[in-house]
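Written below as structure tokens is the structure these notes are about.
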Amino acid sequence: GTAIKKTLDIGSNAAYGFWLTLPSAAVAKTILRSCSTDPEAGFSWVLIDAEHGLISDKDYYELTNAIASEGASPLIRVPWSEEWLIKRALDAGAHGIVTPMCHSAEDAARIVRYSKYPPLGTRGYGPMFATHAIPGVGTAYDAGAATGLLVVVQIESKSGVENIEEITRVEGVDVVFIGPFDLAKQMGVERGGEEHEAAIQRILNATKSAGKKAAIFCTDGAQARQRERDGFDMVSVTTDVGLLGDGMKHELQAARGF
Ligand code: 3PY
């Protein structure tokens, strides 16, 4: 179980990950192998996006296993913080779940409950396939699942920011993950503007004060590097789909001599 959380404890560096929006184990493995399978140098986690991407729960098992086989931790962002959605993601071998739009401490406590077996929570029992994507965990899954699976709540709304101090104090919440795009839209402020950045800093500070891990979504490596300097523990560098488009555009422009 603790092996799962270790992916976030890699010395003084942030744990870097990326966003997978395509339902393709081949894409995930290609990216992980092209970088490095050493978590100190490569990616230590991959976010499987079932909220906005093209991924559905039919894809989970193959994706979690492919990602885990390359030494990275598969995290699934569920479409919404519903008990049955969280259960299916964990049962498919996710090393943790990420839930969109956590607005309050009540939301956070509910998400923790859905993610844990009794007596800590209400998660139904059926981990027949969950262990396949967790190398070496074997029958220790039940015990490890209580503490080893990451519970990641996304803060990306005005109320989420207003309630951040209480949210970070909820026991069982491991990581507070900022969604900068939704945060700007939900607050009705400009992304990258002063109010947006102030909200990000407030979330970061509250999270660190509570002794929890802080995470954020970025769109490129330079931004990710800056967020690591800001003190984020877990940083998403970019997305599969963003990378494909940008990479092709860059090469086509080079070919055309632009
Ligand atoms: C956001 O920025 O809103 C996210 O959730 C990451 O895509």
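Both ligands and their constituent atoms are indexed starting at 1 by order of listing.
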Under a 4.0 angstrom heavy-atom cut-off, which atoms of ligand 1 come close to Gln154?
4 (C), 5 (O)
Under 6.0 Å between ring centres, would you say that holds for Tyr125 and Tyr117?
yes
At under 4.0 Å between heavy atoms, which part of Arg77 makes contact with ligand 1: side chain, backbone, both or neither?
side chain
Looking only at heavy atoms, is any part of Glu51 under 4.0 Å from ligand 1, and if so is it the side chain, the backbone, or both, or is it neither?
neither
Answer yes or no: is there an ion pair linking Asp91 with Arg123, defined by an N-O contact shorter than 4.0 Å?
yes
Give a yes or no on whether a salt bridge exists between Glu197 and Arg227, defined as a side-chain N under 4.0 angstrom from a carboxylate O.
yes
Heavy atom under 4.0 Å from ligand 1: found in Glu156's side chain, backbone, both, or neither?
side chain
Among all protein heavy atoms, pick out the one at the shortest distance from atom 6 (C) of ligand 1; state its residue, atom name and that distance to 0.1 Å.
Phe217 CG, 3.4 Å
Any N/O pair Leu183/ligand 1 closer than 3.5 Å:
no
Geometry only, no angles: is Phe181 polar-contacting ligand 1 at N/O separations under 3.5 Å?
yes
Determine whether Ser104 and Glu166 make a side-chain contact, defined as any pair of heavy atoms from C-beta on separated by less than 4.5 Å.
no
Among Cys218, Ala184, Gly179, the residue with a heavy atom nearest to atom 4 (C) of ligand 1 is Gly179
Are the side chains of Pro74 and Val46 in contact, using a 4.5 Å heavy-atom criterion?
no
Is any side-chain heavy atom of Arg77 closer than 4.5 Å to a side-chain heavy atom of Gln154?
yes
Taking the six-membered ring for Trp, are Phe43 and Phe18 ring centroids under 6.0 Å apart?
yes
Closer than 4.0 Å to some heavy atom of Asp182 - which atoms of ligand 1 meet that?
1 (C), 2 (O), 3 (O)
